[in-house]
Amino acid sequence: MTPILFVEQMLNGIGYGLMLFLLAAGLTLVFGIMDVMNLAHGSLFMGGAYVAAQVHTSSGSFVAGLLAALAVVLLVALVLEALLVRHLYGRDHLAQVLATFGIILVADDAVKMIWGPAPLMASAPAALAEPIEILPGLPYPSYRLLILVVGLLVALGLYLLVNHTRVGMLVRAGASNRAMAEFMGVRVGRVFSGVFLLGAALAALAGALMGPITAVQVGMGEEILIPALVVLVIGGIGSVRGAFIAALLVGLVDTCGRAFVPMALRAVLPPAAVSDVAPLIAGLAMYALMATVLAFKPAGLFPARG
Amino acid sequence: MKSSFFPAAVATLALSFGLNAQAADPVKVGLALDLSGPFAVGGAEARDAINLAIKLLDNKLGGYPAEFIQADTAGSPDQARQIVQRFVQRDNIDFFTGPVPSNIALAVGPVLFGAKVPYISSNPGPSQYAGEQCSPYFFGLSYQNDTWDEAAGQWASDQKVKSAFLIAPNYPAGRDHLGGFKRTYKGEVVAEVYGKVGQLDYAAELAQIRAAKPAAVFFFLPGAMGINFIKQFVAAGLSKEVRLITGPASAEEDTIAAVGEPILGLYSTSPWSHDLPNAANQKFVSEFRKAYGRYPTFYAAHAYEAIMAMDAAVKDVKGKVDDKDAVLKALKAANFASIKGSFKYGNNQFPIQDYYLRVIEKNKDGVLTNKTLSTPLKGYRDAYYTQCKL
């Protein structure tokens with residue numbers, strides 16, 4: 001293995017991890033603080049991707065697509081929170097899972113109705129079509145660099161928000177002991193609404209950024225929800241820091257599984273066996289990581305609640 | 001009163017019998033099309049081409065009235081099997097064509113063969129039907145699945161491409177297609193990578209390609225997988241050093257429209273191309289463009305040809321489609337001008353035909369499309385025909 005390959009795969013893994021973080025951060029805020037299991041989070045991600053792709057192709061401006069995605073998804077989240085999610089606070093998780101699963105079904109059909117069943121082909125902005133040579137002999141797609149930068153900035157912003165602001169203090173208080181926070185006079189309802197909208201905005205941002213790398217299609221929200229939930233569990237529910245570390249871990253493990261497992265196996269097994277076994281191991285890597293972490297820390301790496 | 005009534009009644013009866021005889025007569029064709037589900041793009045192409053062929057033939061086959069019954073498989077083998085059972089039991093079809101994927105061909109084949117209905121395949125050419133499970137009722141009009149990859153391997157060898165990196169999704173067709181390439185490729189295969197079916201992010205695989213420094217990459221990634229792979233391959237700057245080779249499934253108009261400019265310079269092999277200079281093909285392509293305003297894909301081409309094959313066979317048997325032996329003989333004779341240039345059936349009823357090498361360029365009107373460059377395999381037959389006992 002060359003150092004270049006190693007560096008490139010690390011960047012790929014971190015990039016994927018940061019995307020997962022944008023999703024998982026929203027999930028963990030909503031679940032950890034509001035105690036609402038929101039499966040429809042993936043649908044907000046899908047909505048962001050569709051709106052961004054649509055506005056980008058019709059206006060020609062990637063930034064306009066991004067802003068439109070944020071605006072539309074925030075609006076949808078506002079309505080969703082007022083009409084449905086608000087009534088789920090304090091209900092048991094089964095009711096929340098059923099209700100938000102219903103939203104997934106509605107969202108998928110609504111998207112099919114508006115955009116049809118065929119995937120949209122979002123493209124990266126033309127200015128970022130060419131790769132940038134970040135190291136000698138390693139040109140890296142500039143769009144993926146953009147994702148890395150945005151992901152890190154959001155992580156930094158969330159860190160500051162949660163750890164160094166009054167809102168963040170209320171959020172942390174709510175996450176670690178909800179009953180006590182309420183008792184101390186935190187206006188829970190307003191914090192909840194704000195947290196839900198913040199989570200929705202992060203999902204929309206992730207969707208809009210992921211669109212040009214994958215395809216914008218019906219069901220993309222459910223696909224990415226599974227790794228996002230794995231991140232949530234590994235990181236410890238309610239902890240933004242945990243979500244960040246766990247997302248990077250999952251991103252790296254998944255990418256390394258696909259990249260290095262076949263290479264390592266090729267050294268010891270015949271090629272035919274490698275092509276049978278390697279995809280299986282790569283597919284399982286993420287779950288193996290989760291199982292290992294939970295075996296030693298059943299509440300995740302950085303549990304917010306005692 | 002009585003005397004005048006009788007002849008009139010006889011005349012009416014005779015007339016109605018005549019009409020009945022005509023109404024019962026039309027040649028019935030069952031069309032199971034993948035109009036929704038994962039193969040909907042290919043299914044829509046097939047449907048458009050079939051409708052065009054029906055229009056050009058004026059709703060007739062071989063000059064005899066015909067009835068075409070269309071149904072949507074939704075890309076599901078189970079649903080397709082039910083449709084075909086209905087076609088066979090209720091509609092009494094005389095011919096069958098339509099499905100895009102091999103797994104549906106394998107699911108519906110036994111039903112059709114049992115009912116002695118000829119199945120003219122407009123796309124899938126599974127190796128099973130070319131070899132041990134070959135049937136006198138299956139006509140692999142399009143190609144055997146491995147052959148376009150064999151053509152690509154042959155061309156890469158001819159070009160002295162020293163090393164190749166192979167990539168496909170991890171399912172049976174993925175393995176078959178890469179197997180086909182390896183059968184004829186004489187250079188070094190540096191790696192054979194299988195990704196998830198439906199995978200859309202290829203960052204990890206592209207990094208491996210960069211590290212392996214192959215002279216060429218051969219891929220079989222149908223649908224959105226190929227579209228994303230090509231885009232990301234170019235965005236990673238690999239297209240400057242590594243030649244990209246594929247089959248028609250990732251190099252036709254649907255993919256070109258989705259990828260845009262980055263697809264320039266993509267090499268592919270195919271038994272058909274829209275610019276083949278024969279008269280039958282030029283007529284098909286210009287009629288298709290007139291009707292739909294776009295170039296047809298290979299899905300459309302083979303679906304159109306399937307209807308033309310039925311037309312020729314019905315003409316040969318003079319409309320007597322109940323004489324199964326005569327129909328099979330007529331189908332196998334393939335008395336039509338093929339849009340593929342060269343075409344005839346081998347013993348296993350799969351084609352002996354030419355395979356072309358194309359590259360995607362801007363044509364003189366500034367449209368991104370395929371241009372045929374050469375014929376790496378001439379009069380080529382698949383690798384399975386010796387296993388067929390026909």
Side-chain angles (χ1 to χ4, degrees), chain A residues 1-13 15-16 19 116-121 123-124 126 128-133 137-144 210 212-217 219-220 223 254-263 266 271-272 274-276 278-280 282-283, chain B residues 35-38 40-41 44 74-75 166-171 174-175 178-179 182 189-213 223-228 231-241 254-255 257-262:
Chain A
M1 191 195 334
T2 62
I4 294 248
L5 175 65
F6 186 76
V7 170
E8 187 172 4
Q9 296 293 21
M10 289 299 119
L11 282 175
N12 288 336
Y16 177 50
M19 275 299 105
L120 290 190
M121 287 299 155
S123 48
L128 298 176
E130 288 292 309
I132 294 172
E133 186 140 357
L138 176 56
Y140 197 73
S142 34
Y143 187 73
R144 285 183 196 271
M210 276 294 263
I213 285 194
T214 64
V216 180
Q217 58 186 354
M220 65 188 290
E223 259 165 55
D254 187 77
T255 304
C256 291
R258 281 193 286 147
F260 302 136
V261 165
M263 293 174 70
R266 234 170 269 142
V274 173
S275 59
D276 283 334
L280 293 176
Chain B
L35 299 178
S36 56
V41 174
L166 316 185
I167 176 164
N170 187 28
Y171 76 127
R175 287 158 195 279
L178 296 194
K182 288 194 290 182
V189 174
V190 291
E192 195 178 338
V193 169
Y194 293 94
K196 265 192 294 224
V197 177
Q199 180 180 345
L200 294 171
D201 184 357
Y202 288 95
E205 288 75 11
L206 291 173
Q208 291 178 59
I209 293 174
R210 196 195 307 285
K213 292 191 171 51
M225 291 183 271
I227 290 167
N228 274 23
K231 274 186 178 176
Q232 292 168 20
F233 187 85
V234 174
L238 283 163
S239 55
K240 293 185 183 76
E241 299 139 35
D254 50 333
T255 313
V259 176
E261 293 269 335

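Here is how names work: the chains are called A, B, and so on, in the same order as the sequence lines, proteins then strands, and each is numbered from 1.
- Within the 3.5 Å criterion, the main-chain N or O of P279(A) finds no donor-acceptor partner in the side chain of N170(B).
- Top candidate by heavy-atom pairs under 4.5 Å with chain A, chosen from A224(B), P262(B), A236(B), G237(B), is A236(B).
- Nearest heavy-atom pair across A207(B) and Q9(A) is CB-NE2, 3.3 Å.
- Using a 4.5 Å cut-off between heavy atoms, L238(B) does not touch chain A at all.
- Applying the side-chain contact (heavy atoms from CB on, under 4.5 Å) criterion to P139(A), with sequence neighbours excluded, gives P131(A), R210(B).
- A distance of 14.0 Å separates CE in M225(B) from OG1 in T214(A), rounded to the nearest 0.5 Å.
- Here the side chain of Q208(B) pairs a donor or acceptor atom with the backbone of R258(A) at under 3.5 angstrom.
- Contact detail for A211(B) and T2(A): the closest heavy-atom pair is CB-OG1, 4.5 Å.
- Neither the backbone nor the side chain of A40(B) comes within contact range of chain A; no heavy atom of the residue lies under 4.5 Å from a heavy atom of that chain.
- Between L200(B) and Q217(A), the closest side-chain pair of non-hydrogen atoms falls below 4.5 Å.
- Only the side chain of K231(B) comes within less than 4.5 Å of a heavy atom of chain A; its backbone N, CA, C and O stay farther away.
- Nearest heavy-atom pair across D201(B) and R144(A) is OD1-NH2, 2.9 Å.
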